[in-house]
Protein chains: 2
Amino acid sequence: MSVGIRHDDLRRRNRAMVISAVRRASQPSRTEIAATTGLSHSTISTISSDLIAEGILAEAKGSEPVSMKRGRPQVALTLEPRAASIVAVVLSLNSLSAAIIDYAGNTIVEDTRRLVTQRMPAEALIDECIAMIRRLIEGVATSGGPVLRIAIAVQGITDSGSRKLLWSPITRHDDIPFADRLEQEFGVPVTVENDCNMIAEALRWRDPVRYRDDFIAILLSHGIGMGLVIKGELFTGTQSSGAEFGHMIHRPNGALCRCGRRGCIEAYAGNYAIWRNAKLGDENAEPLADLSDDDITALADAARDHDGPEREAFRKAGEAIGFGLGSMFALFDPAPLAFVGVGATAFDLMEPHVLSAIAKTAGGLHSKAISFDTEPNEVPLKREGAMMRALLHVDQEIFAARLGGATPASAGKNVA
Amino acid sequence: MSVGIRHDDLRRRNRAMVISAVRRASQPSRTEIAATTGLSHSTISTISSDLIAEGILAEAKGSEPVSMKRGRPQVALTLEPRAASIVAVVLSLNSLSAAIIDYAGNTIVEDTRRLVTQRMPAEALIDECIAMIRRLIEGVATSGGPVLRIAIAVQGITDSGSRKLLWSPITRHDDIPFADRLEQEFGVPVTVENDCNMIAEALRWRDPVRYRDDFIAILLSHGIGMGLVIKGELFTGTQSSGAEFGHMIHRPNGALCRCGRRGCIEAYAGNYAIWRNAKLGDENAEPLADLSDDDITALADAARDHDGPEREAFRKAGEAIGFGLGSMFALFDPAPLAFVGVGATAFDLMEPHVLSAIAKTAGGLHSKAISFDTEPNEVPLKREGAMMRALLHVDQEIFAARLGGATPASAGKNVA
DNA sequence: CTCTTTTTTTCGAGCCTCGAAAAAATAGTG
DNA sequence: CACTATTTTTTCGAGGCTCGAAAAAAAGAG
């Protein structure tokens with residue numbers, strides 16, 4: 001059971017609230033923070049002056065004095081960019097990219113490389129990550145705050161502790177201990193998380209009005225991924241990263257899936273499945289290893305142009321997604337949807353079939369709560385998501401907990 | 001966003017911890033509470049003497065001095081039965097039952113009636129509840145603490161605020177405002193919740209070792225219901241009680257379901273579906289309104305006795321449940337399962353097919369985490385679940401929040 | 001009867017948040 | 001340009017809460 005609240009937890013939590021309020025709002029004043037947190041002005045004043053003294057927050061000097069009201073003007077608080085930095089890594093099929101990002105969320109430097117991930121040993125994958133991160137860190141050695149966290153977004157299933165890549169389509173190897181190895185190497189906490197979960201995290205920050213407490217991000221690419229936010233929390237499995245929408249069963253004993261099983265949603269709606277249905281008309285054909293985005297847009301163009309196997313393939317994909325969503329909605333009710341990835345460019349071909357399938361399910365009851373949005377480019381979302389995860393960790397676990405003025409890492413600046 | 005922690009929240013939360021520790025453990029001493037909550041002995045001492053002074057807890061006098069160690073013996077703390085009482089109501093197809101239960105969880109008085117729920121107007125359902133509760137309360141007017149909460153467990157879907165019965169197989173009417181009407185009538189907070197969720201809550205208290213942070217209770221009866229606990233929390237929909245396992249889609253456009261749609265799991269695994277498959281062999285036949293338990297056990301006996309349509313019907317049921325579980329496990333990983341209700345007596349007929357279906361899904365990966373347990377009698381579980389919900393509310397929301405010595409019920413004592 | 005051991009209570013110290021009042025900083029006003 | 005009204009931020013004392021240490025309480029052991 002959860003443990004009692006000690007006296008020092010209180011400060012820690014309220015510091016976390018203040019930091020979080022500053023990260024969320026754009027340059028809030030102390031008064032605004034008091035309003036959103038419900039804490040008193042005196043408390044906010046104390047905490048924020050501590051945070052400023054510690055070099056975590058700063059007063060925004062040169063900004064617009066937007067108020068134009070009478071009275072003492074509000075002073076906007078910002079995150080101090082040099083308080084820390086983090087590394088966001090995105091590892092996908094045949095591609096690795098990494099960026100160093102400051103505490104305010106500005107990218108300082110980034111790099112991308114093509115790899116042949118499926119032919120590399122597990123160790124080589126780890127080594128490539130380490131090498132890229134090391135190059136980036138060395139390149140910016142002098143500027144910026146200390147790196148306090150590394151977050152990796154990866155295609156595949158990770159453990160619920162975000163330490164290992166349990167299974168991934170980008171490699172034949174299992175249980176790759178990214179977090180342990182990178183922590184050894186850099187002496188900084190590291191997490192590996194599912195890329196679709198990171199996409200969901202990113203959407204929340206991009207459009208907090210639309211994507212608030214409950215929404216679903218579905219990645220339509222070679223496979224089908226999902227990131228799920230329910231009741232304000234990223235939804236993960238109890239043992240793994242979970243939320244494997246693509247491997248819910250659409251038709252028992254149905255089409256052959258890349259995972260080796262049959263009837264998964266992905267086996268109807270993944271790019272390889274659409275291609276297979278359109279070109280081969282054989283649900284049991286071995287899935288292709290990779291397809292270019294152009295292959296898919298070509299299929300979509302053909303489907304838009306004339307009736308035929310292409311159009312039918314997209315219909316089947318939409319149907320599989322719709323029934324799958326209907327089953328999910330039976331569990332937790334409908335929520336706004338974002339379709340991400342190259343498949344989203346063809347979503348117009350699937351949408352009517354998605355909707356008609358949902359209408360045949362329990363989810364159809366509240367179909368007003370369903371809305372679709374599409375975002376073809378998933379890459380920046382993955383990076384933003386990993387970035388936000390890392391920054392939030394620094395906010396909540398590191399900076400909120402620095403009590404008593406003892407600020408070990410950052411060379412003597414605060415303490416006043 | 002969540003609000004900052006005020007100074008008085010601290011006491012409230014720690015009082016809640018202490019009460020919860022006493023309810024969970026059997027008669028813990030102050031020392032044990034300090035250990036499980038992580039709070040200091042002095043804090044526990046202060047809080048528990050407050051709670052005793054307020055008449056919420058009591059020292060167990062006549063109990064066994066079980067220790068036999070040296071030193072000052074521990075004094076066991078108990079819940080004071082007369083601190084409060086609650087009403088637990090269970091409303092099912094053609095049956096209404098209610099009980100008054102004291103703060104320690106002992107049933108003081110109970111009653112059950114048969115009703116013809118499907119022919120009653122919505123108002124009549126509410127009125128029957130009110131009448132039964134009123135009779136019970138008047139019967140025990142003098143003894144026991146004041147009624148502080150009423151919890152109703154009902155078949156069907158409720159709203160996420162637990163105020164209304166949105167839809168139910170027991171009546172043709174929708175949106176029945178049980179909570180509002182009963183609150184008006186009794187002046188006490190009331191909740192209506194899905195019965196399967198209450199079953200899950202009850203299992204947690206019956207066997208906290210097996211059913212801890214993650215487990216699934218599936219009710220096999222006329223329809224199929226589910227109560228889901230994930231990461232220690234009862235899982236509900238965002239707008240409704242959710243967790244409608246029975247209406248996940250097993251076969252798109254498949255068998256006719258009681259809900260009017262097609263291919264739901266329930267349309268293969270509900271009692272009416274098994275009966276229909278065994279007797280009529282027609283998936284499209286209109287579902288029967290009701291079946292007796294004997295009808296099902298007769299089918300099960302026949303299926304055990306010889307191969308034939310009965311055995312095949314149970315096979316189809318097991319398959320539907322298995323694929324459904326597999327799809328759920330794709331979302332949040334496998335968890336221990338409890339099959340509850342009359343269908344559980346026939347679970348031996350379904351189990352191999354459930355397992356073989358799961359093995360064909362992503363859930364099959366971690367099949368070691370799956371364990372089955374059966375409990376044929378769901379009625380006491382529903383009542384216990386409703387009881388625990390009500391008691392926990394009193395613990396957490398009412399008694400934990402009685403701060404500042406203002407204890408209306410108990411005459412002035414603490415404050416020192 | 002005294003000593004040892006364990007539990008529970010008491011007491012002062014140290015934090016934390018809060019409200020009220022003071023200080024700071026600006027726009028309006030004549 | 002001095003003064004006033006207004007709004008934000010800081011300061012300060014009060015009140016609460018938890019904690020650790022020490023004291024008190026309540027047994028069994030010898």
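Order of the sequence lines fixes the chain letters, A, B, ..., with proteins taken first and strands second; residue numbering starts at 1 for each chain. Keep in mind it's a predicted model, so treat the numbers as computed, not measured.
When the P atom of D/dT18 is taken as reference, atom CD1 of B/Ile33 falls 14 Å away, rounded to whole Å. When rounded to the nearest whole Å, the span between CZ of B/Arg30 and P of D/dC19 equals 17 Å. Regarding B/Asp8, its CG atom lies at a distance of 11 Å from the P atom of D/dT18, rounded to whole Å. Summarising the geometry, the separation between CD1 on A/Ile47 and C1' on D/dT9 is reported as 15 Å, rounded to the nearest angstrom. The nearest whole Å value for the distance from the CD1 atom in A/Ile44 to the C1' atom in C/dG19 is 15 Å. In this structure, CG of B/Asp50 is placed 13 Å from C1' of C/dT9, rounded to the nearest angstrom. Per the geometry, CZ belonging to A/Arg11 stands 18 Å off P belonging to D/dC17, to the nearest Å. A/Arg12 places its CZ atom 12 Å from the P atom of C/dT17, with the value rounded to the nearest Å.
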Report task. List the steps, then state whether side chain to side chain contact (heavy atoms under 4.5 Å, CB included) holds for B/Thr46 with B/Arg11. Result -> CA-CA 11 Å; B/Thr46 314; B/Arg11 224 330 142 61; 3.3 Å; yes
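With a 4.5 Å cut-off on side-chain heavy atoms, A/Ser160 and A/Thr238 do not count as touching.
Proximity of a side-chain donor or acceptor of A/Arg82 to a complementary backbone N or O of A/Pro146 within less than 3.5 Å is not detected.
Taking every side-chain heavy atom of A/Ser40 into account, C/dG19 is the closest of D/dT9, C/dG19, C/dT9. In this structure, of D/dT9, D/dT18, D/dG28, it is D/dT9 that holds the atom nearest to the side chain of A/Thr31.
For the residue pair A/Thr43 / A/Ser40, a side-chain donor-acceptor distance below 3.5 Å is found, with atom types taken as modelled.
Contact check, A/Arg6 against D/dC19: a side-chain N or O comes under 4.0 Å of OP1 or OP2. Note on A/Lys69: a side-chain N or O is less than 4.0 Å away from OP1 or OP2 of D/dT8. Within the structure, every side-chain polar atom (N or O) of A/Arg70 is placed at least 4.0 Å from both OP1 and OP2 of D/dT4. In this model, the phosphate group of D/dT9 is not approached by any side-chain N or O of A/Ser45 to a distance below 4.0 Å at OP1 or OP2. Taking only side-chain nitrogens and oxygens, B/Asn14 never comes nearer than 4.0 Å to OP1 or OP2 of D/dC17. The side chain of B/Arg13 places no N or O atom within less than 4.0 Å of a non-bridging phosphate oxygen (OP1 or OP2) of D/dC17.
The aromatic ring centres of B/Phe235 and B/Phe332 sit 6.0 Å or more apart.
Along DNA chain C, the nucleotide closest to A/Ser42 and the one closest to B/His41 are compared, and the more 5′ of them pairs with B/His41.
With hydrogens and angles ignored, a donor-acceptor pair closer than 3.5 Å exists between the side chain of B/Arg72 and the base of C/dT7.
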